[in-house]
Amino acid sequence: IMPSLVGSEMCIRDRVITGFTDHQIEGSPITVAGHAINASDHEPIADALLIWTVFKDGNVVPFAEAADINLTEFSFTPDDNGSYEIVLSADNATQNVSTSTTIVVNNAIPTATFSYTSTPNNGIVDVVVQAEVSDSGPLDDASVFTYEWSVEQDGEVLLQQSGASGSLTFPAHPDSVYSVTLVATDK
């Protein structure tokens, strides 16, 4: 948390932006708070324009922004993991002060399930397994997932496959027991 620049009559309350934790996750809303107060008596300034600006990963183009008189809370939803700088500026026509803080937003762990179809084929069964993966990070779609498949037949490893394919095909014998494991990761 970085200190504010304090003018002779106005400052950012407590010189900090509050309302977040160290464990922010992409795709989850973040609400922050800050106030403009009179530097001498610490009373709220009723006519201060509060300007919130968020910059992602050092980009100079704002990721999110809002401004209004006494806008003491602001929410935004990170679209991906990364570093987000939150800047709060207060302006009352005679002074402008600001403070900022940077938070790290963590990657959301994808959720994976799969379904299968089976087709008899000359004494064996062709099994096709299809993954369904979701992630709360809006930028994490199927094109960024990596799939690690493992198939066991009667307790022994039959097949292991890693890569970008969300499906797996293998031959199965009707009298065997199979176990399929899927681990999906994103970037």
Side-chain angles (χ1 to χ4, degrees), residues 1 17-34 52-66 71-88 100-187:
I1 299 173
I17 298 171
T18 62
F20 58 90
T21 68
D22 292 334
H23 304 289
Q24 302 298 319
I25 303 293
E26 66 182 354
S28 298
I30 296 173
T31 300
V32 292
W52 294 93
T53 311
V54 179
F55 299 96
K56 177 183 171 185
D57 291 332
N59 198 327
V60 296
V61 176
F63 172 77
E65 56 191 337
L71 182 63
T72 58
E73 287 191 357
F74 171 68
S75 295
F76 70 99
T77 302
D79 63 355
D80 204 4
N81 49 295
S83 175
Y84 291 78
E85 179 187 18
I86 304 166
V87 178
L88 172 59
S100 68
T101 191
T102 300
I103 62 172
V104 174
V105 173
N106 296 307
N107 186 45
I109 298 171
T111 302
T113 61
F114 59 84
S115 59
Y116 72 94
T117 58
S118 57
T119 308
N121 183 7
N122 295 325
I124 59 171
V125 178
D126 292 329
V127 177
V128 178
V129 184
Q130 183 65 45
E132 291 291 329
V133 181
S134 63
D135 190 299
S136 64
L139 297 183
D140 296 333
D141 61 16
S143 67
V144 300
F145 295 128
T146 300
Y147 303 87
E148 293 180 32
W149 295 97
S150 178
V151 178
E152 290 185 1
Q153 177 184 4
D154 298 325
E156 300 291 324
V157 175
L158 172 68
L159 174 67
Q160 291 182 321
Q161 177 180 312
S162 295
S165 178
S167 66
L168 175 71
T169 302
F170 64 93
H173 297 280
D175 56 347
S176 292
V177 175
Y178 294 86
S179 173
V180 177
T181 304
L182 167 64
V183 175
T185 55
D186 62 359
K187 58 178 179 33

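Side chains included, hydrogens not; waters and symmetry mates left out as well; all remaining heavy atoms used.
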Go through the steps to decide whether L139 and E26 satisfy the test side-chain contact (heavy atoms from CB on, under 4.5 Å), and finish with yes or no.
CA-CA 9 Å; L139 297 183; E26 66 182 354; over 6 Å; no
Run the side-chain contact (heavy atoms from CB on, under 4.5 Å) check on V32 and I30 step by step: do they pass?
CA-CA 7 Å; V32 292; I30 296 173; 4.0 Å; yes
After noting the C-alpha distance and the side-chain angles of V105 and K56, does the key distance pass the side-chain contact (heavy atoms from CB on, under 4.5 Å) rule?
CA-CA 10 Å; V105 173; K56 177 183 171 185; over 6 Å; no
Let me see the working for D79 and F63 under side-chain contact (heavy atoms from CB on, under 4.5 Å), right down to the final yes or no.
CA-CA 10 Å; D79 63 355; F63 172 77; 3.6 Å; yes
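With rounding to the nearest 0.5 angstrom, the OG1 atom of T181 is 6.5 Å from the CD atom of E152. One finds the CD atom of Q160 at 4.5 Å from the OG atom of S150 (value rounded to the nearest 0.5 Å). To the nearest 0.5 Å, atom CG of residue D57 and atom CD of residue E85 are 11.5 Å apart. Taking CD1 from I109 and OG from S136, the interatomic distance works out to 10.0 Å, rounded to the nearest 0.5 Å. The CD atom of Q130 lies 7.5 Å from the OG atom of S165; values are rounded to the nearest 0.5 Å.
T146 pairs by the side chain to side chain contact (heavy atoms under 4.5 Å, CB included) definition with T185, not counting sequence neighbours. Shown here are the side chain to side chain donor-acceptor pair (under 3.5 Å) partners of D186, two or more places apart in sequence or in another chain: N107.
The two residues P78 and S28 have their closest heavy-atom pair at CD-O, 3.3 Å. The two residues P138 and G27 come nearest to each other via the heavy atoms CD-CA, 4.2 Å. Heavy-atom minimum distance, W149 versus G166: CZ2-O, 3.6 Å. Residues F145 and P110 share a closest heavy-atom pair of CE2-CB, 3.9 Å. Smallest separation of non-hydrogen atoms from P174 and G123: CD-O, 3.4 Å. Q161 and L168 make their closest contact through OE1-CD1, 3.1 Å (heavy atoms, listed as atom of the first residue, atom of the second, distance).
Checking side-chain atoms of D126 against main-chain N and O of P171 turns up no donor-acceptor pair under 3.5 Å. Of the possible polar contacts, one joining the W52 side chain to the L71 backbone as a donor-acceptor pair under 3.5 Å is found.
Contact of the F74 side chain with the L88 side chain is not registered, since no non-hydrogen atoms from C-beta on lie closer than 4.5 Å. The closest side-chain heavy-atom distance from Y116 to F114 is not below 4.5 Å. Taking the side chain as every heavy atom from C-beta outward, I25 and N106 approach each other to under 4.5 Å.
Under a cut-off of 6.0 angstrom, the local environment of CD1 in I124 is crowded, with over 12 non-hydrogen atoms contributed by other residues, nucleotides or ligands.
Between Y178 and F170, the ring planes lie tilted relative to each other; the angle falls in the 30° to 60° range.
Side-chain contact check for E73 and T31: no donor-acceptor pair (N or O, by modelled atom type) lies under 3.5 Å.
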